[in-house]
Amino acid sequence: MAELNYRHAVAQGIRQEMARDDDVVLIGEDVAGAGGVFKTTGGLLDEFGPRRVIDTPIAEQAILGATMGAAMTGLRPIAEIMFSDFFAVCWDIVANEIAKTRYMTDGQVSLPLVIKTGNGGSLRFGAQHSQSVENWAMMVPGIKVVAPSTPRDMVGLMAAAVRSDDPVLMFEHKGLYASKGEVPDGEVVDELGTAAIRRSGADATIVALALMVPRALEAADQLAEKGIELEVIDLRSLVPLDTQAIIDSVARTGRLFTVEENPRLLGWGAEIASIVAEECFWDLDGPIERITTPHVPLPSAASLEDLVIPSADEIATRVFKSLNS
Amino acid sequence: MAELNYRHAVAQGIRQEMARDDDVVLIGEDVAGAGGVFKTTGGLLDEFGPRRVIDTPIAEQAILGATMGAAMTGLRPIAEIMFSDFFAVCWDIVANEIAKTRYMTDGQVSLPLVIKTGNGGSLRFGAQHSQSVENWAMMVPGIKVVAPSTPRDMVGLMAAAVRSDDPVLMFEHKGLYASKGEVPDGEVVDELGTAAIRRSGADATIVALALMVPRALEAADQLAEKGIELEVIDLRSLVPLDTQAIIDSVARTGRLFTVEENPRLLGWGAEIASIVAEECFWDLDGPIERITTPHVPLPSAASLEDLVIPSADEIATRVFKSLNS
Amino acid sequence: MHTPLSDHQYGNHSPVLPPVLDPATDDADITIEDRLAIYRKLQVMRQFEQRAYDLFMKGLVKGTSHLSIGMEAIAAGFGQAMRPDDYTFATYRGHAHTLARGVPMSPVLAELLGRGNGLMGGKGGSMHLTSVKHGMMGSYAIIGAHLAIANGAAFSAQYRGTDQVAVCFFGDGTTNIGAFHEALSYAATFRLPTVFVCENNLYMEYTSIQDVTPVARPAADRASAYGLEARRIDGNDADACYLEARAAFDRARAGEGPSLIEALTYRHGGHSRADLGEYRPQEEVEAWMAHDPIDIYRERLKRLGVDATELEQVDDDVAEQVEQATQEAKDGPEPEPRSAFTEVWADGGSSWRN
Amino acid sequence: MHTPLSDHQYGNHSPVLPPVLDPATDDADITIEDRLAIYRKLQVMRQFEQRAYDLFMKGLVKGTSHLSIGMEAIAAGFGQAMRPDDYTFATYRGHAHTLARGVPMSPVLAELLGRGNGLMGGKGGSMHLTSVKHGMMGSYAIIGAHLAIANGAAFSAQYRGTDQVAVCFFGDGTTNIGAFHEALSYAATFRLPTVFVCENNLYMEYTSIQDVTPVARPAADRASAYGLEARRIDGNDADACYLEARAAFDRARAGEGPSLIEALTYRHGGHSRADLGEYRPQEEVEAWMAHDPIDIYRERLKRLGVDATELEQVDDDVAEQVEQATQEAKDGPEPEPRSAFTEVWADGGSSWRN
Ligand SMILES: Cc1ncc(C[n+]2csc(CCOP(=O)(O)OP(=O)(O)O)c2C)c(N)n1
Ligand SMILES: Cc1ncc(C[n+]2csc(CCOP(=O)(O)OP(=O)(O)O)c2C)c(N)n1
Ligand SMILES: [Mg+2]
Ligand SMILES: [Mg+2]
C-alpha cells in the first residue's frame, strides 16, 4: 500500500499498462517533455522513450484521428485531450467515427483506445475550462465512459480501460488531482461498469460521480448527526452503467437523489432518474430529486463558482428538506 | 390558407423574415445557387441576391464562426448545417462560444442567430447522416432548441427564432420534409417554448417531438379503437421547455410516456421523466416509460432502421402493455 | 462586397478543361500485366457503378449513393500500385476504391441493397464500405475525419516497422475543412507514410470549387504549407496515377514522409442519387466526357499492341461478374433483425447496463 | 521513426534568436504623438501585468492567468493603428490587447480578482476579457474559434458598409489547428477585412513550436495556401507593428481582403500561472530579454530627441494608475450571488422552463 495523489495515480495506471504491453502508446499536447499540463504523465517519457510517449501539435482532430487509426491497426493508444471542454473541437472523431465504426462495419474494426481528459470545475478556470461533459459522451452509443473518484480507482480503472477492446473516455476530475489515497502495491486492475457503495444507509440513496462523491459523503456525515443515514453510491462508470446497484439500493431506501456537477438539463442523473422512475416506481416512497449545477455556464469568480456547483452543505440541506417534507 | 410542404415551409419562414429585415442573411453550403441540398432554401437567392444568400466552402467552423461574429456586430444571420450530424465538426463554436458568450461577458454580447439543420432518420442514410441530436443541444446552457413537426409550426417558429435575441438551433426533421400541411396566409409568427396538445385524452400523456409526433398520433388512433385515450403533446421546443403543459397533463392522466427518436441514453425524455418524477410524483399512477431508439448507432438497411426507430405500432404496443400491466 | 455568386450566375463560372494527355506515358515503365490489371479494374468499377445506378433508379438502392463514374483511373492506378497489406481510406464515394482492393462485387452490391449478405451485413450502407481483410479500412461520410484517421494507420505501420503505407482519398471540397489542415500538418511533422490523394473533380456537391476556394489548385497550392511538394496529375490517365502512386509509396516506405497529390478528374454524373450535375458548363462537361479514363486506357493498350478482342473479353468477363453479383445481391436475405443489436461493443452486443 | 523528441532532449531544441533591429524604422512616417501614445500603451501593459503577476503570486488572482510581458509591442502597435470602431479579437493572453483599446485598468484587474466591479462582473475571468464598447470583442480561450468569429465581424462590417476591420490575434501554436485553416481560407475567399496577427512567441504551452510544425515560419509559410502574401515582422518593435498594421488596415478598408502577419516575439515568463518557462534554451531567453519591446522603444524615442524625463513622467503616471486600479480592484465587492443566474438569455435571466 502506498499513498498516491490522484494525479500520480493517472501516471501509475498508464505506467503499469505501458510496462506490460508494448502496443500501448501515449500521445497528446505537452504529455511527453512537460509530463502533462496537470502533471498526470510525468516520468513516462523517461521511462518509455519518445517512440511511445509523444508530444503533438495543437490539433485535437489530428490527435484523435491518429489514435483511432492506430487502434484499428493493432496498437492500443492512449490520447490526452487536455481539458474535456476541448472535446468540442474534435467531437466528430469521437461521436461520429470512434463510436460508430465497429457497428457500421459489423464488427470488422476494433478500437481498443483510451482518451483521458481533465474534466470538471472548482479551479476557477471559467466557462470554457471547467465543464463536466461526461454527459456528452454518455449520450453517444459506442463509447464507454469512466470517471474515477479515488487514486485507487484511477489506477485500476485506467488499467481496465487500456485492456478494454472498446473505446473508453476516461474523465479525470481536475478538482481531485491533488487528493490523496491508498493504492495497493503490485498490479491493480479494476472492472468497468461497476459502481461502489461508499457508505451504507437506509434512509435514501445518493448517487454521485467524481468530485461529487466526496461532497456527498461529507453531506452524509452531516446528516448522520441528525439521525439520517444516506447510502452513497459512487457510479465510477456511466457506460456501462451499474443499474443493478442503483435499483437494489433504491429498493432498500425508497428514495433517490442524484448529485451532478453538470448543468441541469440532461445531466447523467436524468437518465438514472428515468430508469428508476420506470423500474423502481413501486419501491419509491417519494419524489426523485436531482441536485445539479443550475443550467448556466460556469462563472469564473470563486464565490460564484462555489455558489453554483453543488457543495456538501447544499446537498445536505436539499436532502434534509426533501426527506422532511 | 395554403397547403405547403414542410421543406417549403422552411424557405417560407426565412423568406418572410428576410423580406421584413435587411439584417437577416443566410449562409451555408449549397444554400444559394442550389437552393439547399434538401431544397429548403430554394428561390431565396433570386429573391434576395448574392449579398444576402451565400454559398460557402465546406468549413462548418468557419460558417458558424462567421455567423457568431456577424450576430455580435449587428446582423441577424441564419446559418445552415446541412446534416445535424455535422454539428460534431463545429461543436466548439456552438457549445463553447455561441452558448457561453453572453454569460461570460455579463450580457455585453447578444447573439441573435439561427442555425438550421436537417435532423433525424428514416431516410436510410446510415449512422453518420441520420442522428437525432437535439439532445446534444439541450444539454448546453445558452442555446434555444426548436424542432417543429408541421409546416405551420415551421414557418411560425422559424420567424420566432429569427426574431429572438438568443441563439436558436432549428432542427428540421429530414423525414418530414415531404409532409404537407396548411399554413395561414400573411405573416405567421409563433412563440418559442410553447408545447401543443395535438390530441386530448384521459388515460395517459405521450410527449413526442418532430417525426415522433405523427407516429404518436397514429398510435393514439390505434389505441382509441381499444378504448384507450391518449393525450399527445408535441413539445415543439426543448429549450425553453413548456414544463407546465407536461405537468398539467400528467396531473390529468396520471401516466407519462415519452417517444424519442434519439438513442436511449440521455435523450430529452430523460429530462422530462426526471422533472415529472420529482414534481408530479404524487400524481403518478404508474411507472414513467420512455420509448426510444435503442442505444445503438443507426443501421442503414431499411428493414433495420425501421426496426430500431419507434414506429406507431411499437408505441401503441408498448403503451397498451404498460397500461394493462 | 465579394461573395461566391456576386460576379456570375450560378453555373456560369469559367469552365475548367481537362489536361492534354501526355504521349510519353505510353512508354512509361509499366509492365503489360499491370496495365491489363488496371484495365480490368477500370471495367469492374465502371460496370459495377452503372449497375448500381440502374438499381438506384429502380428503387432497390435506398438512401443515397455517390458514383465515381468518370473518376475510375485514380482508384485503378493507385489500387494497382498498392501492396496487399497497404491501407485504403476512402469517402462515401468509395465503391471504386473498395473494388480496387479486390473486394468482390457481390457483397458490395448486397450492401448497397441493404441485404444480410452485404459487406457489413446491411449496417453500414453505400457510404461506409469497409473490408479490413482487403486493406479497405473504411469509407467515411463526414468530410475531413478520415485524413486524420489515415495518419493513425500510417503511424502504427511505422511503429510496428511494417513498411505499409496508408492511402487516403478525398475530394477537392475537403481541402477547405479544418481536419484537412490538421491531418496534413500532423503527417508532415511526424513524417508519416500517409499518401493523401485529392480527387479534384472540380465540384463539391452542387457548388464549383473555384467559387469558394482562394487558390486555383485546392490541394497542390496548399502543399507548401506543410513543407511538401506541389504535385498535380491527370487523374483520368490511370498510368499517370499508377506512376505517381509508385513514387509516393516508395518515398513513404523509405521514411521520407507523406505526399499530397492532386489528381484532376470529373464525374460523368451528378453528386449523388438522381442529381444530373446541371450546374456545370456544357463545354466543360463535353470536354471531360471526351477525356474518359476508360477510352484513354483502351486506346493506349491498343497502341501498345493489345488485341481489341482481348479487351472485349475482359469487358465481357466483367459484365458477367456484374450479372452474377446482381443476382446474388437481389437474392440476398433481409438482415437478421437481431443484427441491429450486435457489434456496438467488442463483446458482440449492445448492452450498456446490467 | 520520427517524433518530436526523437532527436533531441526536451528543451534542447535549437534556439531562435531575435531579429536584428532595423535602423531605418527610426525614420518611418510615424508622428511623435502616435509614438508617445505607443510608449504609454507599452508602459500600461507592462506595469499592469507585473502587478497582475504579483497579485497572482499572492493568491489574489485565482484560477489562471496568461501574461504577455515581453510581447507588448504587438498589442501597442496594432492597437495604436486601429480606428475606435475597429474590432479586436484576442486570446486568453489578452490583457494587453484589452488595455490597448483603452479599457481602464481598474475593471480589468477587478475581473482578474473575481470581483463584482470586474469588467464582466467576475463571470468571465482573466481569459475572457471583453469590452464591446471599446471594440474589444472578446478574449477566447479555446484555440482556433476566434479566428472564425473575427471573420463574422469583418463580414458584418462589409455588409453594413462601415469600413471597419476585424483584427484577430493568436499564437504560433494556433496555426496547426483546423479552425485556423478554415478561417483563413474563408476570409480569403470572401475577401473579408480581417487582419490575422500571429504572435509567434516560439512556444505553445511547454512545447517548442518548431518541434511540432512542419514549416519554419508557422504563419508566414502558410500564407500562400490562401493566396496571401507571406509577411513576417519584428514583433518586439512597436513601430514595425504599427506600420504593418496601418498597411494591412488600408488594404482591408480598400476591399483588398485579409492579411496574415507573423510577428516574432517572446514571453519573458512562462506560459501561465507560476510556470517559469524553463524548457527554453538559456541563450534564447537571454537574447530575447535583451530585445525587450520597452527598452527598444525607449531608446528609439531618446534617439528621436524625446527627453528622458518626459518618459519617466509617463512611467510614473502609469505606476500611479496601477496603484489606483489595484486599490479599486481589491476594494471591489464580491459579485452579487444572483449574478450567477443572470445573462444566460437576452431577457437577462437563466430560466429554461415555465
Ligand atoms: C463535415 C461535412 N460537411 C458537409 C458534408 C456534406 N457533403 C457531403 S459530400 C460533400 C461535397 C464534398 O466535395 P468533395 O470533397 O469535392 O468530394 P466529392 O463529393 O466531389 O467527391 C458535402 C458538402 C459532409 N458530408 N460533411
Ligand atoms: C483547442 C485547444 N487545445 C488546447 C488548448 C490548451 N492550450 C491553451 S494555450 C495553449 C498554447 C497555445 O499556444 P500559442 O497558440 O502559441 O499561444 P501562446 O499561448 O503562446 O500565446 C494550449 C495548447 C486550448 N486552449 N484549446
Ligand atoms: Mg469534388
Ligand atoms: Mg505561442
Side-chain angles (χ1 to χ4, degrees), chain A residues 61 85-97 99-100 102-104 126-128 131 133 135-136 138-142 238-239 241 256 258 262-282 284 286-290 294-300, chain B residues 61 85-97 99-100 102-104 126-128 131 133 135-136 138-142 238-239 241 256 258 262-282 284 286-290 294-300:
Chain A
Q61 295 187 76
D85 314 69
F86 308 163
F87 272 123
V89 301
C90 52
W91 197 237
D92 181 51
I93 313 279
V94 178
N96 288 331
E97 303 298 348
K100 295 177 174 39
R102 168 179 285 277
Y103 187 83
M104 291 194 297
Q128 291 187 339
Q131 293 173 85
V133 303
N135 56 344
W136 297 14
M138 184 182 190
M139 271 185 336
V140 180
L238 295 175
V239 182
L241 185 69
L256 173 67
T258 64
N262 47 247
R264 160 83 199 207
L265 293 182
L266 296 185
W268 54 262
E271 185 62 41
I272 296 200
S274 79
I275 292 169
V276 168
E278 175 169 357
E279 302 180 27
C280 312
F281 182 76
W282 306 109
L284 284 171
I288 299 171
E289 281 191 39
R290 293 175 55 207
H295 206 60
V296 300
L298 282 170
S300 72
Chain B
Q61 296 186 76
D85 315 70
F86 308 163
F87 272 124
V89 301
C90 51
W91 196 235
D92 181 50
I93 312 279
V94 178
N96 288 331
E97 302 299 349
K100 296 177 173 38
R102 167 178 286 276
Y103 187 82
M104 291 194 297
Q128 291 186 340
Q131 294 172 85
V133 303
N135 55 346
W136 297 15
M138 184 182 190
M139 270 184 336
V140 180
L238 295 174
V239 182
L241 185 69
L256 172 67
T258 64
N262 46 247
R264 161 84 200 204
L265 293 182
L266 296 184
W268 53 263
E271 185 62 43
I272 296 198
S274 80
I275 292 169
V276 169
E278 176 170 355
E279 301 181 26
C280 314
F281 182 76
W282 306 109
L284 284 171
I288 298 170
E289 280 191 39
R290 293 175 54 207
H295 206 60
V296 300
L298 282 170
S300 72

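Just so it is clear: chains get the letters A, B, ... in the order the sequence lines come, proteins before strands, and each one is counted from 1.
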- Any side-chain heavy atom of Pro287(B) sitting closer than 4.5 Å to one from Trp282(A)? yes
- Message: Using a 3.5 Å distance criterion without hydrogens, assess whether the side chain of Asp85(A) forms a donor-acceptor pair with backbone atoms of Asn96(B).
- Response: no
- Item | Residue among Gly126(B), Ala273(B), Ser274(B) with most heavy-atom pairs under 4.5 Å to chain A | Ser274(B)
- Between Arg264(B), Met139(B), His295(B), which is the residue that forms a side-chain contact (heavy atoms from CB on, under 4.5 Å) with Met139(A)? Met139(B)
- Okay, Ile93(B) and chain A: the region with an atom under 4.5 Å from a heavy atom over there is neither
- Partner chain A: residue of Pro141(B), Ala99(B), Cys90(B), Ala95(B) with the largest heavy-atom pair count (under 4.5 Å): Pro141(B)
- Message: For Val276(B), which atoms come within 4.5 Å of any heavy atom of chain A: side chain, backbone, both, or neither?
- Response: neither
- Query: What distance do Ile288(B) atom CD1 and Ile288(A) atom CD1 have between them, rounded to the nearest 0.5 Å?
  - Reply: 7.0 Å
- Query: So which part of Ile272(B) gets closer than 4.5 Å to some heavy atom of chain A, the side chain, the backbone, both or neither?
  - Reply: neither
- Item | Toward chain A, the part of Glu279(B) with a non-hydrogen atom under 4.5 Å | neither
- Comparing Phe86(B), Trp136(B), Tyr103(B) against chain A, the one with the most heavy-atom pairs below 4.5 Å turns out to be Tyr103(B)
- Scored by heavy-atom pairs under 4.5 Å with chain B, the best of Ala277(A), Gly267(A), Ala88(A), Gly269(A) is Ala88(A)
- Message: I need the Leu265(A) CG to Leu241(B) CG distance, nearest 0.5 Å.
- Response: 7.5 Å
- Best-contacting candidate, Gly286(A), Ala127(A), Pro263(A), Cys280(A), against chain B by heavy atom pairs under 4.5 angstrom: Gly286(A)
- About how many Å separate CD of Gln128(A) and NZ of Lys100(B), when rounded to the nearest 0.5 Å? 7.5 Å
- Message: Need one label for Met104(B): side chain, backbone, both or neither, based on atoms under 4.5 Å from any heavy atom in chain A.
- Response: side chain
- So what's closer than 4.5 Å to chain A heavy atoms on Pro294(B): side chain, backbone, both or neither? neither
- Can you tell which of Asp92(B), Leu266(B), Val296(B) has the highest number of heavy-atom pairs within less than 4.5 Å of chain A? Leu266(B)
